[in-house]
Structures are given as C-alpha cells and as structure tokens.
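Counting convention: from 1, in listed order, for ligands and their atoms alike. All residue numbers in this chain count up from 1 along the given sequence.
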Amino acid sequence: MVERQLRRRGIRDARVLDAMSRVPREVFVPAERRKQAYDDDALPLGYGQTISQPYVVAAMCELLGLTGDERVLEVGTGSGYAAAVLDELAAHVVTVELIPELAAAARSALDETGHGDVEVRTGDGSLGDAGEPPFDAILVSAAAPELPLQLLDRLTDAGRMVCPVGPQSGQRLVVVERRGNETTTTAGLRCRFVPLRGAAGYPE
Ligand code: SAH
C-alpha cells in the first residue's frame, strides 16, 4: 500500500509514509471488509459513512505538515483510522464524531492498535467547540459547503487546517494557513467526501 498507493503517487513526507505503514487499517474496517482493507479505495463503515482512501489520508496528513509536537483536532472520526495516523504524527489528537456507534467502534479500534491516548468525543464538531483550543492543526474529514470559519478561530497563530470544500458531488482539499490574523488559502487535490452535518454542514 505504502509503495504503490502512496510513494508512487507522490507522497514524500517520510514521517507520513512511516505512520501509514505502522497503522493496521484492517482493525478499522468492518469485519466483513477485512479482505479489502488495503484496497486503493474508501470503504463503507455503515450508517452511510466511509473510511477514507489511504492515499487521501496520507495526502491530508502531508498537507498538515506535522512535526510531532502539535495538538490536533479532527472533525469526523468515522472509523478512527485517520485519527490513529495523526496520533503517530503529532503530540495529542482530539477527534469528534457525530454518530455515537461509530465513535464507540473507533474508540475500541484505537485502543486495540495502541492509540489509547487519542481523545474521542461524540457530538457536532463543525463549530470546533470540542476539546481545549487552540489547536496547531485541524483536519476536517467530511465535505463542507464552505470553509468552516468557526474552526479557524480554534487554530493557533501559526496553525493549519485542511478541509474538503465544495458541493456534495465533489470537492477540493483546501489548506488554510494562519499567521496571526492573516490567512492563506490554497485549493488542491480533487476529492469526494461524505457530507459534514451539523451547524457548518450543508443546508437540509
Ligand atoms: N476520518 C475517517 C473518515 C470519516 S467519514 C476515517 O478515517 O475513517 C466522515 C465522518 O464525519 C462520518 O463518520 C460522519 O458521521 C462524521 N461527521 C459528519 N458531520 C460531522 C460533524 N458535524 N461533527 C462530527 N462528525 C461529523
């Protein structure tokens, strides 16, 4: 997976490649999908949600540029897989999931894989009121109609946020870098995530 899906497609950050090789994705996919755990694809988790494609997780983590000291917030725990990878890359991870059953399954997968320090919260994470701000990095693991500005307020002065932004039919991974009150926004990789719900999600 690391060689074919990540390195060959241009993931260069050695810490990200290492983290991806250490986290056993099969523990995070539903039992009946274990054989597909290393497929080059997103996989269904139930409840209409998916575990992201490994390449997309690696690309998002690379864009966050983590060095190991950061406090990170993830919105959209899903399986807990991306949270486990973030835990390998940063000092502390708080992850928020709207669906209690998924949060509970993620909690046990994270414990099983040695990522017991990850804080899993249940609730609407789209406003960033989970965990103790500020965060050095925020990863939004669900598609947002527009950049969730409330989350930007939870970033440290030199913080970074990565979020898929665009219509439900397809988004781009947007990277926001904060320097004090200035922000720089760059839109990159095309992607397709399940929708963010809650206060900063799509109108019903
Ligand atoms: N990072 C995950 C993939 C997440 S899929 C993984 O590695 O498996 C997106 C998740 O975001 C879904 O589980 C969905 O329930 C959750 N979600 C959607 N809107 C949310 C919100 N406002 N707050 C918290 N979680 C949300």
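- Taking all heavy atoms of Ala130, Gly78, Gly46, Ser141 into account, the minimum distance to atom 9 (C) of ligand 1 is reached by Ser141.
- For ligand 1, the atoms lying closer than 4.0 Å to a non-hydrogen atom of Val194 are 5 (S), 9 (C).
- With a 6.0 Å cutoff to the six-membered ring centre and a 45° limit on the axis angle, Arg25 does not count as a cation-pi contact of Tyr38.
- Under a 4.0 angstrom heavy-atom cut-off, Gly48 registers as lying outside contact with ligand 1.
- Proximity of Arg71 to Thr156: side-chain heavy atoms (C-beta onward) are nowhere separated by under 4.5 Å.
- Atom numbering of ligand 1 starts at 1 in the shown order; those under 4.0 Å from a heavy atom of Ser126 are 22 (N).
- Contact annotation: the side chain of Leu17 approaches that of Arg7 to within less than 4.5 Å [non-hydrogen atoms, C-beta and beyond].
- Interface of Ala82 with ligand 1, defined as ligand atoms under 4.0 Å from a residue heavy atom, comprises 1 (N), 7 (O).
- Below 4.0 Å from some heavy atom of Gly123 lie the following atoms of ligand 1, by number and element: 23 (N), 24 (C).
- Taken to the nearest 0.5 Å, the CD atom of Gln49 stands 6.5 Å off from the CZ atom of Arg197.
- Of the options Leu127, Thr50, Val29, Val85, the smallest heavy-atom separation from atom 5 (S) of ligand 1 is shown by Thr50.
- Residue Glu74 approaches ligand 1 through these ligand atoms, each under 4.0 Å from one of its heavy atoms: 1 (N).
- Within ligand 1, counting atoms from 1 as listed, the ones closer than 4.0 Å to a heavy atom of Ile99 are 15 (O).
- Results of the side-chain contact (heavy atoms from CB on, under 4.5 Å) test with Leu66 over Val85, Asp13, Val72 single out Val72 as the only residue that passes.
- Enclosure of atom CD in Gln150 by more than 12 non-hydrogen atoms of other residues, nucleotides or ligands within 6.0 angstrom is indicated.
- In this structure, the separation between CG on Leu151 and CZ on Phe135 is 10.0 Å, given to the nearest 0.5 Å.
- Ligand 1 places these atoms under 4.0 Å from at least one heavy atom of Thr77: 1 (N), 2 (C), 6 (C), 8 (O).
- The structure places CZ of Arg178 at 8.5 Å from OG1 of Thr183, a figure rounded to the nearest 0.5 Å.
- Here the heavy atom of the protein found nearest to atom 14 (C) of ligand 1 is Gln49 OE1, 3.3 Å.
- The environment of CZ in Arg121 is crowded: more than 12 heavy-atom neighbours from other residues, nucleotides or ligands sit within 6.0 Å.
- Which of Arg25, Glu97, Arg197 comes nearest to atom 10 (C) of ligand 1 through a heavy atom is settled by distance: it is Glu97.
- Looking at Gln171 and Val165, their side chains never come closer than 4.5 Å, going by heavy atoms from C-beta outward.
- Rounding to the nearest 0.5 Å places CG of Leu139 at 4.5 Å from CE of Met60.
- Atom 26 (C) of ligand 1 has as its closest protein heavy atom Leu98 CB, 3.8 Å.
- Applying the 4.0 Å criterion to heavy atoms of Ser79 picks out, from ligand 1, the atoms 6 (C), 7 (O), 8 (O).
- Ligand 1 lies within reach of Ser52, whose nearest heavy atom is under 4.0 Å from it.
- Checked against a 3.5 angstrom limit, the closest N/O atoms of Val57 and ligand 1 fall outside it.
- The protein non-hydrogen atom at the shortest distance from atom 11 (O) of ligand 1 is Gly76 CA, 3.1 Å.
- When hydrogens are left out, the protein atom nearest atom 23 (N) of ligand 1 is Gly125 N, 2.9 Å; that is the closest non-hydrogen contact.
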